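The model shown is predicted, which means the values in this text are computed figures rather than measured ones.
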Amino acid sequence: EGASAVAVAAARLTRSPPDPRAIRPTLSPSMAAVILRCMEREPDARFPDAASVELSLSEALGATGSLPPPSLLPAESRRSATGPLRLVRIAVLPFACNGLAEDAYLGDGVAEDLVDALSVVEGIRVVAYGAASRSGTDDALEAGRALGVEVVVQGALRRLPDARLRLSVRLVSVEDGIQLWAKRFDVTPAELLDVNEAAAQAIAAAASLRAPEADRKLADPVAIDLYLRARAHYRDFWLEGAQESARYYAEALARAPDSPLLVAGYALALARVLFFTAGEIHAARGAAQRALALAPDLGEAHLAAAAVAFQEGSFAEAYRAAQAAVARAPSLAEAHLLIGRILGETGPLDLALRALRSAQELDPGSGVTRRELVRALALLGRLDEAYAIIRRPSREVFDRISSLIIEARLAVWRGDLDTILQVREGFQELERQEPNMPALSVFVRALVNAIDDRTALDVNRFLAALSDDVGNLRRVLFFHQVAVETNARFGTADAALDLLEKAVALGLTDLVWLERCPALDPIRDDPRLPRLVGIVRERTAPVRSLLPPPIAS
């Protein structure tokens with residue numbers, strides 16, 4: 001402590017730090033000693049290398065008895081039962097639904113809910129269900145290796161003759177295929193989510209970890225069924241899927257109006273609808289506030305508040321809420337993604353990339369995360385890495401459309417008509433295969449239909465195709481940015497700057513794009529640009545003020 005920043009800096013150089021146990025009395029003496037040795041003023045008094053720190057931490061942690069058993073640790077960590085604490089990476093694989101085909105959503109929903117239950121366990125990093133379901137193999141161990149996890153959770157669900165449900169869950173080590181834990185639950189539909197909480201507690205115990213007490217119970221069997229249907233539709237990222245998800249959540253809430261699980265899910269679904277239409281803004285905001293009031297410790301409640309604030313353009317509020325969601329549920333991939341998206345616009349890009357990498361690690365199959373990663377890498381000038389991500393093959397329609405959107409936009413950034421023509425061919429082929437193309441493809445459709453020949457892109461025709469597309473402010477601003485890029489590359493500088501002024505007046509927050517997008521290079525020397533950049537920089541400053549100071553090199 002000190003009277004000023006200078007006094008504090010001087011104290012660090014002249015006085016030893018206080019005993020950590022003065023701040024946390026329950027800290028063991030051995031752990032306090034490790035901390036103090038790390039903070040010694042003289043370099044020679046500190047640990048000589050990281051291995052020495054690890055050894056001392058192992059000894060200090062060994063005294064607490066809170067380590068995972070060797071069977072859940074990577075082989076190189078199995079030196080002794082008192083080895084260093086490791087983060088246990090788990091994937092919940094798709095649950096088999098042994099019964100009617102229309103019951104498939106039950107298996108998916110229960111597996112996804114189990115991911116949520118495990119995501120709040122400190123010491124477990126659980127891969128998002130969507131990634132596991134797209135792992136491309138039916139072999140559990142192969143899927144686990146592909147996802148880079150140590151442990152997989154397998155399950156099966158089927159209906160019994162007496163209207164009960166049988167849920168079988170087992171925990172398997174990826175390295176050697178040994179079954180670490182298994183249990184069968186015969187329950188009524190009303191007890192289905194309670195079983196997930198019990199399974200999460202048992203899985204955490206198998207990893208010598210402690211799960212927090214469950215506070216997500218939902219007992220009405222009809223509401224549970226509607227909740228699982230809503231979760232299934234939420235995985236569809238298009239407007240239609242978000243609307244169906246919101247409809248099922250609303251029906252479930254009519255039966256269980258005070259369930260934090262339902263209120264938070266409803267808010268998330270409405271926040272996704274918000275991107276396409278601004279009509280649900282008040283309902284979404286109200287649902288997010290109510291979820292926080294009902295369950296202030298629920299990660300999904302904070303995520304819902306963050307998602308609504310993000311769609312409204314309240315980035316500082318969204319960033320704080322997303323950080324609160326991660327603090328409560330570290331494996332909540334969507335919260336990491338949201339942090340990455342915010343910082344991807346306000347900067348700094350290195351922190352945005354870190355958050356996006358975390359989101360990708362938790363949900364490797366997310367097309368939205370992939371799109372944001374490519375954008376960040378491209379704005380950093382790392383095009384080889386960006387294109388390596390774009391061109392990964394995928395059978396998912398959403399991923400294929402996402403790749404076309406990304407490639408088309410990067411081609412506009414570079415003024416590359418040849419690539420835009422190739423994108424047009426790929427898009428037209430996809431349209432033949434998928435006649436009911438989702439709404440997000442309007443950008444690609446408008447772009448490729450505006451190309452007359454190999455040397456011309458009709459900017460006015462492109463913009464006219466977008467003008468009737470209704471959406472909230474973020475969607476409107478996205479198309480303004482596309483219009484600015486297209487005019488800067490293929491139209492006139494005056495038209496580009498006029499549109500940019502409109503976007504800034506509407507509330508543009510994408511500072512990183514303004515400063516780095518190569519499509520804007522033709523207008524960089526225009527005297528109007530610095531004033532517009534300054535407005536956006538000031539508008540996004542509240543987010544950057546929330547970030548920790550950079551570490552000096």
Side-chain angles (χ1 to χ4, degrees), residues 90-118 126 129-130 132-135 137-141 143-144 151-172 177-206 211 213-236 241 244-245 247-262 265:
I90 290 178
V92 178
L93 301 182
F95 280 17
C97 198
N98 304 321
L100 300 174
E102 55 263 34
D103 280 348
Y105 75 92
L106 273 177
D108 289 345
V110 172
E112 198 164 6
D113 186 74
L114 180 56
V115 170
D116 289 348
L118 287 169
V126 57
Y129 171 73
S133 65
R134 291 190 291 266
S135 61
T137 176
D138 294 329
D139 183 273
L141 301 187
V151 182
V152 292
V153 180
Q154 292 179 285
L157 185 70
R158 69 185 179 93
R159 294 187 184 273
L160 299 175
D162 59 357
R164 290 163 68 84
L165 295 165
R166 172 165 293 170
L167 177 63
S168 302
V169 186
R170 69 189 194 117
L171 197 64
V172 180
I178 293 175
Q179 181 170 291
L180 305 169
W181 169 85
K183 190 165 184 178
R184 189 181 73 189
F185 304 88
D186 289 352
V187 296
T188 66
E191 298 168 324
L192 194 54
L193 298 189
D194 292 348
V195 165
N196 257 358
E197 298 294 350
Q201 296 276 346
I203 290 168
E213 289 300 317
D215 189 25
R216 310 179 316 119
K217 288 183 171 61
L218 185 62
D220 184 305
V222 177
I224 289 173
D225 185 79
L226 291 166
Y227 162 70
L228 296 176
R229 291 179 187 273
R231 291 293 298 262
H233 283 284
Y234 187 72
R235 288 194 298 274
D236 179 357
E244 281 293 283
S245 178
R247 181 174 68 84
Y248 280 119
Y249 273 122
E251 291 181 21
L253 280 166
R255 302 184 65 90
D258 295 326
S259 165
L261 201 62
L262 296 180

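Between T188 atom OG1 and L160 atom CG the span is 11.5 Å, to the nearest 0.5 Å. Note: E244 CD to Y234 OH = 15.5 Å, rounded to the nearest 0.5 Å. With rounding to the nearest 0.5 angstrom, the CG atom of L228 is 9.5 Å from the CD atom of E112. Separation of atoms CZ (R184) and CG (L167) is listed at 11.0 Å; rounding is to 0.5 Å.
Shortest non-hydrogen contact noted between F95 and A111 is CD1-CB, 3.7 Å. In plain terms, the two heavy atoms of R229 and Y248 that are nearest each other are CD-CE2, 3.7 Å. Nearest heavy-atom pair, L253 versus L262, reported as atom, atom and distance to 0.1 Å: CD2-CB, 3.5 Å. Residues A140 and V152 come closest through the heavy atom pair O-CG1, 3.9 Å. Residues Y249 and L261 come closest through the heavy atom pair CE2-O, 4.5 Å.
Remark: of the listed residues V169, V92, L157, L157 is the sole one forming a side-chain contact (heavy atoms from CB on, under 4.5 Å) with V110.
Annotation: side chain to side chain donor-acceptor pair (under 3.5 Å) contacts of R166 (sequence neighbours excluded): D186. The side-chain contact (heavy atoms from CB on, under 4.5 Å) test applied to A254 returns no partner, not counting sequence neighbours. For the side-chain contact (heavy atoms from CB on, under 4.5 Å) test, residues two or more places apart in sequence or in another chain that qualify with P221 are P189, A190. Take A232 and apply the side-chain contact (heavy atoms from CB on, under 4.5 Å) test, not counting sequence neighbours, and it matches Y105, R235. Residues satisfying the salt bridge (Lys or Arg N to Asp or Glu O under 4.0 Å) criterion with R164, sequence neighbours excluded, are D162. Listed by chain and number, the residues in a side-chain contact (heavy atoms from CB on, under 4.5 Å) with V222 are D220, L226, R255 (sequence neighbours excluded).
Within the 4.5 Å cutoff, the side chain of R170 has no heavy atoms near those of the V153 side chain.
Checking side-chain atoms of S245 against main-chain N and O of H233 turns up no donor-acceptor pair under 3.5 Å.
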* Would you sort out whether L165 and F185 count as a side chain to side chain contact (heavy atoms under 4.5 Å, CB included), showing the intermediate values? => CA-CA 8 Å; L165 295 165; F185 304 88; over 6 Å; no
